[in-house]
Amino acid sequence: MPIEAQILQAVYDTSLDAIIVIDQKGLMRSYNKIAEKLFHYSAKEILGQNIKMLMPPYFAEKHDGYLERYLRTGERRIIGIGRVVTGQRKDGSTFPLELSIGEARIGDERLFAGFIRDLTDRQQMEQRVHELQEELVHASRLASLGEITSMVAHEVNQPLSASGTYLEVARELLVSEREDRLAGGLKAIEQAAAQIRRVGETVRRIREFARKKTPDLAFEDINRIIEEANAIAAVGTKAKNIRTMFDLSALHPRTRVDRIQIQQVVMNLVRNAMDAMTDHERRELVLQSRINEAGEIEISVLDSGPGISEAAAKRLFTPFMTTKKDGTGLGLAICRSIVEAHGGRLWHEKSPLGGAAFKFTLPANTGSDVKPHASI
Ligand code: ADP
């Protein structure tokens, strides 16, 4: 073997990334050790087969078409760009991965090498996760919500307890029914009213603050948003071996949205579904997009978790309502406000998988009067 080939072989064997090479028909021609570890197939059983078998069904069905289109038009959607996508292991479970693809011509043949990095392990991928989350401003928004929350607690608590005290005093003065105490009682009521007006003013200021984030509206491919948000939501999750299935509209719905906000909604719904399934044996997640009867884009996140009890359903969208140890109880409240600001609705139903189904709509082609914001 020439020295270059030996070096390449060594790189290939010791790379921390899985490397899979396919030909122009999508057939796997080479598959390194790390790939065996990631997908649980041995090279022997997989070489010569179509790369589709490493993807969830929705993407698997489309892959031949993607390859064919690229070979015909040269239009790059992923080659040389890199993306976070979902892979599927031998047992059918799915996991997030970062994929970049390079192209090589060897003689008459065109080969594609995929470099794949597992994003499941939070510790290894902390850096990348951090970047992705920053892009989604998820973390920073939660941080600012944390700040808002303690500000609300402080700003609202003080005048509320003061007004409580004033009212107590007023009651004491008034029940005595003595003329000379009447004026004092009325004054105490006026002071309580002033304190309550202060609370109103504080709440108004907080809402102003939350609204200030300027929305960044653009025409976006909703399927793409769902796919990315799902992969990012799966990063570092406690719930392992979840089988994620995609059922995305072939019409590739596009509409004017703030991509980051809608990604945040999908991420929150997916995270909630994953959390709900942590202690459940059956762990299935379905992500759907479709155009509904009213012509709106409808996005659904279905899970096979325990579902939502009637008691919980009543308070689900109330801020700070959480059943989790480390929950904020703000996720669904924020999701609903983002969706409504986009002119859509968000609700939940029973899922055909046995758990909960969270659904939301987006107007198919929104007008110019939509102003998404981030108020709670
Ligand atoms: P958090 O996730 O911080 O608790 P959320 O507002 O996103 O806040 O969710 C509120 C509560 O709703 C959760 O604590 C959980 O009890 C319930 N919930 C949300 N999604 C689901 C789901 N898919 N299945 C079961 N319960 C859910």
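Whatever order the structure lists ligands and atoms in, that order sets their numbers, starting from 1. Residue numbers count from 1 along this sequence.
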Proximal ligand 1 atoms for Ala276, defined as those under 4.0 Å from one of its heavy atoms:
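Listed by number with element, the hits are 22 (C), 24 (N), 25 (C).
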Contacting atoms of ligand 1, where contact means under 4.0 angstrom from a heavy atom of Leu316:
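Ligand 1 atoms under the 4.0 Å threshold to Leu316: 12 (O), 17 (C).
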With a 4.0 Å cut-off on heavy atoms, is Asn268 in contact with ligand 1?
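Asn268: no contact with ligand 1 (<4.0 Å).
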Sub-4.0 Å heavy-atom contact, Phe358 with ligand 1
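Phe358 counts as a contact of ligand 1 under the 4.0 Å cut-off.
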Has [X] got a side-chain atom pairing as donor or acceptor with [Y]'s backbone, closer than 3.5 angstrom?
X: Arg271; Y: Ala233; answer: yes
X: Glu36; Y: Ala43; answer: yes
X: His342; Y: Asp258; answer: yes

Nearest neighbour of atom 25 (C) of ligand 1 from the list Pro306, Gly305, Gly307, on a heavy-atom basis:
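Checking each option, the heavy atom nearest atom 25 (C) of ligand 1 is found in Gly307.
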Let me have the donor-acceptor pairs involving side chains of residues 57-68, under 3.5 Å, with sequence neighbours excluded, atom names and distances please.
from  : atom 1 : to    : atom 2 : distance (Å)
Asp64 : OD2    : Lys52 : NZ     : 2.9
Glu68 : OE1    : Arg72 : NH2    : 3.3
Glu68 : OE2    : Arg72 : NE     : 2.9

Between Glu228 and Arg224, is the salt bridge (Lys or Arg N to Asp or Glu O under 4.0 Å) condition met? List the steps.
CA-CA 6 Å; Glu228 282 181 358; Arg224 172 89 184 260; 3.1 Å; yes
Does ligand 1 have a heavy atom under 4.0 Å from the side chain of Thr323, from its backbone, from both, or from neither?
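Under 4.0 Å from ligand 1, Thr323 contributes backbone and side-chain atoms.
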